[in-house]
> 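My structure is below; once you've seen it, I'll send some questions.
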Amino acid sequence: MALLEVRDLSVSFARKGEPTVTAVDGISFDVQPGRTVGLVGESGCGKSVTSLAIMGLLPRRGTEVSGSVLFEGTDLLGLSQRDIEQRRGRDLGMVFQDPLSSLNPVVPIGLQVAEVIERHRGVPRRAAMSQARELLDRVGIPDPDRRLKEYSHQLSGGMRQRALIAMALACRPRLLIADEPTTALDVTIQAQILDLLTTLVADTGTALIMITHDLGVVAGMCDEVNVLYAGRVVERAERHELFAAPRHPYTAGLMASVPRLDSSGEQRLSPISGSVADNIPWEQGCAFCPRCSNALQLCGQATPEVEHTGDGRLLRCHNPVGEATPISVEGP
Amino acid sequence: MMTVDSVVSDDRTLIDVDGLEVHFPIKRGIVVDRTVGYVYAVDGVSVRVHRGETYGLVGESGCGKSTLGKALLRLEQPTAGSIVFDGTDLAELKGEPLRRMRRRMQMVFQDSLSSLDPRQSVESLLVEGLRAHGLDHGREATATRLQELLSAVGLPASALRKYPHEFSGGQRQRIGIARALAVDPDLVVADEPVSALDVSVQAQVLNLLTDLQDEFGLTYLVIAHDLAVVRHIADRIGVMYLGGLVEETGADSLYAEPLHPYTRALLSAVPVPEPEVEDRREQILLSGDLPSPAEPPTGCRFHTRCPWRQPQRCDSERPELREVAPGHRVACHYAEDIRDGLIGP
């Protein structure tokens with residue numbers, strides 16, 4: 001059984017005097033224990049809102065969440081505020097993009113890590129502090145005894161992110177969500193943090209949901225990749241298959257538009273035309289169709305349904321890339 | 001790619017920086033400010049940028065790459081060193097001659113939202129530079145010029161009456177580029193021009209920069225932390241670490257044969273969007289963080305994190321940037337030994 005089953009998750013935000021915005025529009029995916037699942041997409045595709053919905057961190061007012069998030073059979077969306085608070089930190093851990101604003105600036109780092117252990121495991125303060133020290137040591141913070149007493153502004157960006165990872169892993173959660181954990185960091189520090197995440201996840205058997213816009217990070221870390229566009233999963237595949245042969249024009253477009261370190265600059269990049277602002281609503285057709293190089297007349301008229309292809313891939317497209325002969329569909 | 005001798009200055013050189021230093025004082029005190037130290041943001045950099053080429057400057061945050069870029073345009077006052085732009089030393093220039101010189105060098109900023117005045121329409125943003133440099137030759141000529149600029153950067157004519165907030169990030173960056181081009185500059189310094197953009201839009205802007213260079217014969221200095229972006233756009237690349245240049249060579253050669261240990265670590269840390277490459281990637285993980293530029297390490301600035309560090313020289317003697325192969329300069333005492341595998345990490 002899957003550790004986490006997300007089914008038809010939708011999140012919409014009501015705004016005063018303005019139309020409701022649907023950020024996540026029916027996303028379904030599974031996370032198996034000990035596996036790393038990637039959610040990839042550009043800004044506004046709903047990847048962060050999905051993670052906040054799973055963690056129950058969305059504001060209650062003005063937000064409508066539907067669908068289900070089954071964690072070992074329990075629907076997290078149906079839990080009371082108290083029950084989800086019990087789970088957060090114990091069963092579910094989260095690492096955010098901006099470590100400075102996710103740490104409390106007026107509480108020493110050590111106490112922040114110890115708090116988690118105290119709260120969820122009922123360990124007394126003194127013992128929790130020594131465990132916090134071990135954790136900081138394990139995530140590679142040099143001189144943990146000194147760092148325990150320091151505040152977040154005294155740490156470097158990479159060290160803050162390590163402290164955050166220590167907090168998230170303090171109670172050995174079975175699921176860790178990392179939302180752009182390295183976007184704010186330099187490449188050499190990014191390499192350290194990704195390496196740390198990979199080892200910790202492998203050691204503790206924690207399942208990881210990796211949210212990122214960086215295809216390079218996905219290619220190296222994720223077992224399975226979900227490509228999101230405008231709040232829906234448009235393609236899902238095992239990483240080797242996805243990168244070897246992207247089928248959705250958006251996935252293919254993303255890959256063609258990233259400059260690569262291992263290819264020279266002679267080749268021109270082929271960007272995806274337009275921007276997210278050009279999307280049409282999913283009800284009218286395929287949201288990507290105004291930017292799509294493979295668009296058919298049908299794409300603007302009928303919503304593409306999810307399709308499971310032979311190789312275990314999930315695809316939401318009328319006219320995928322790499323088809324031997326493009327499907328010719330006459331408009332109605 | 002151009003193969004140019006980077007040591008001898010000749011008429012191909014547009015900008016010639018020699019021994020540039022930019023130090024910021026750290027002040028303490030309540031009534032009277034006392035200078036208690038300096039941040040050595042740029043500490044002895046010599047660089048030549050040739051006409052029509054794209055020079056890429058890479059490095060991690062805090063390495064001084066943006067300060068260097070700003071100092072080249074005299075937006076930062078250099079502490080020492082010379083910046084010779086087309087035969088004139090900018091470091092000496094002030095007042096009206098400097099202002100006139102500014103027409104020839106323009107800048108494109110990272111954050112297009114905060115670098116465009118929210119209360120000015122696109123038309124007014126673009127005309128401002130023309131007026132300031134006396135390039136505004138009557139209503140009709142200006143209108144034609146604005147149309148040219150907009151079509152060059154791929155914006156519709158209707159954009160003129162709009163305000164910055166009405167555009168998307170990619171379009172705003174196009175406005176920033178159009179503003180830089182308005183005064184017909186020779187040199188454009190682009191500081192992280194695409195880092196705030198989504199990947200699909202990033203590619204559009206990178207292609208635009210390449211096209212504009214071909215069309216107007218521009219010289220670019222592109223500052224970025226993303227090595228893949230720099231490799232894509234640049235002819236030559238300089239790698240900075242803690243205020244100094246540690247390696248400089250052609251874009252392809254830097255990737256094919258990085259000689260400085262820092263460059264090697266940097267290149268090995270960049271994820272490549274291909275699982276096969278990622279699976280067999282050998283990373284050189286650097287330990288620790290960047291030291292503070294206010295208290296740079298003695299000797300080689302990189303010796304505190306260098307996996308190839310040797311017991312002698314590294315912590316006492318600062319390596320000079322020296323030419324080890326034609327057009328390939330490295331600041332490492334042991335570059336050849338590391339290349340030939342005589343020293344292991």
Side-chain angles (χ1 to χ4, degrees), chain A residues 41-45 140 142 155-159 182 184-192 194-195 213-222 225 238-244 250 253-278 291, chain B residues 1 54 58-63 167-171 194 197-208 210-211 225-235 251-252 255-256 262 265-279 281 283-290 292 305:
Chain A
E42 295 179 287
S43 41
C45 72
L155 305 184
S156 68
M159 258 198 276
T182 56
L185 306 174
D186 279 319
V187 271
T188 57
I189 310 294
Q190 161 169 300
Q192 293 173 0
L194 292 181
D195 187 59
H213 70 278
D214 190 330
L215 290 172
V217 171
V218 172
M221 285 194 72
C222 301
V225 186
E238 193 273 331
R239 68 175 163 135
H240 288 97
E241 280 163 18
L242 185 79
F243 282 88
Y250 176 64
L254 271 186
M255 289 178 190
S257 57
V258 189
R260 288 177 52 157
L261 192 59
D262 57 348
S263 69
S264 80
E266 308 297 309
Q267 252 176 342
R268 212 175 144 77
L269 301 173
S270 18
I272 303 172
S273 64
S275 70
V276 196
D278 303 326
R291 304 175 68 192
Chain B
M1 203 195 66
T54 301
V58 287
E60 297 180 286
S61 44
C63 72
F167 296 92
S168 68
Q171 287 173 318
V194 295
L197 306 174
D198 271 323
V199 274
S200 62
V201 182
Q202 189 176 331
Q204 295 171 5
V205 174
L206 287 176
N207 281 347
L208 173 68
T210 316
D211 293 343
H225 70 281
D226 187 331
L227 279 144
V229 165
V230 173
R231 171 156 202 230
H232 178 79
I233 197 166
D235 299 310
D252 291 328
Y255 181 77
Y262 177 62
L266 205 57
L267 288 172
S268 84
V270 180
V272 173
E274 189 165 323
E276 277 76 26
V277 179
E278 282 293 300
D279 288 347
R281 184 153 64 109
Q283 276 193 15
I284 304 167
L285 277 185
L286 290 181
S287 56
D289 289 308
L290 197 75
S292 159
R305 297 171 78 196

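Chain naming here is simple, since letters A, B, ... match the order of the sequence lines and numbering starts at 1 in each. Only heavy atoms go into these numbers, but all of them, side chains included; no hydrogens, no water, no symmetry mates.
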> How far apart are the C-alpha atoms of B/S200 and A/R291, what are their side-chain angles, what is the distance that settles it, and do they pass the side-chain contact (heavy atoms from CB on, under 4.5 Å) test?
CA-CA 11 Å; B/S200 62; A/R291 304 175 68 192; 3.1 Å; yes
> Start with the C-alpha distance between B/H225 and A/V187, add both sets of side-chain angles, then the distance that settles side-chain contact (heavy atoms from CB on, under 4.5 Å), and finish with yes or no.
CA-CA 8 Å; B/H225 70 281; A/V187 271; 5.8 Å; no
> Just give me the residue among B/L227, B/D279, B/V201, B/L206 that pairs up with chain A most often, heavy atom to heavy atom, under 4.5 Å.
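Among B/L227, B/D279, B/V201, B/L206, the one with the most close pairs to chain A is B/D279.
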> Testing A/H240, A/E241, A/M221 one by one against B/P275 for a side-chain contact (heavy atoms from CB on, under 4.5 Å), which residue passes?
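Single pass found, and it is A/H240.
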> Side chain, backbone, both or neither: which part of A/D195 has an atom under 4.5 Å from a heavy atom of chain B?
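Side chain only.
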> Taking side chain as everything from C-beta outward and backbone as N, CA, C, O, which of these in A/V258 sits under 4.5 Å from a heavy atom of chain B? Side chain, backbone, both or neither.
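Just the side chain, heavy atoms under 4.5 Å.
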> side-chain contact (heavy atoms from CB on, under 4.5 Å) with A/L261: which of B/L267, B/V229, B/V277?
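Filter result, single survivor: B/L267.
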> In the structure I gave you, are the side-chain heavy atoms of A/S257 and B/Q202 within less than 4.5 Å of one another anywhere?
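Result no, sub-4.5 Å side-chain heavy-atom pair not found.
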> Quick check for you: to the nearest 0.5 Å, what is the distance between B/N207 atom CG and A/R268 atom CZ?
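Spacing of CG (B/N207) from CZ (A/R268) equals 4.0 Å.
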> So does A/Q192 get a backbone contact from the side chain of B/Q283, meaning a donor-acceptor N/O pair under 3.5 Å?
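Side chain of B/Q283 to backbone of A/Q192: no pair is present.
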> With chain B, which of A/G274, A/S270, A/G158, A/S275 has the greatest number of heavy-atom pairs at distances under 4.5 Å?
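Going by pairs under 4.5 Å, I would pick A/G274.
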> Do any N or O atoms from the side chain of B/Q204 and from the backbone of A/I272 form a donor-acceptor pair under 3.5 angstrom?
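Yes, B/Q204 side chain to A/I272 backbone: donor-acceptor pair under 3.5 Å.
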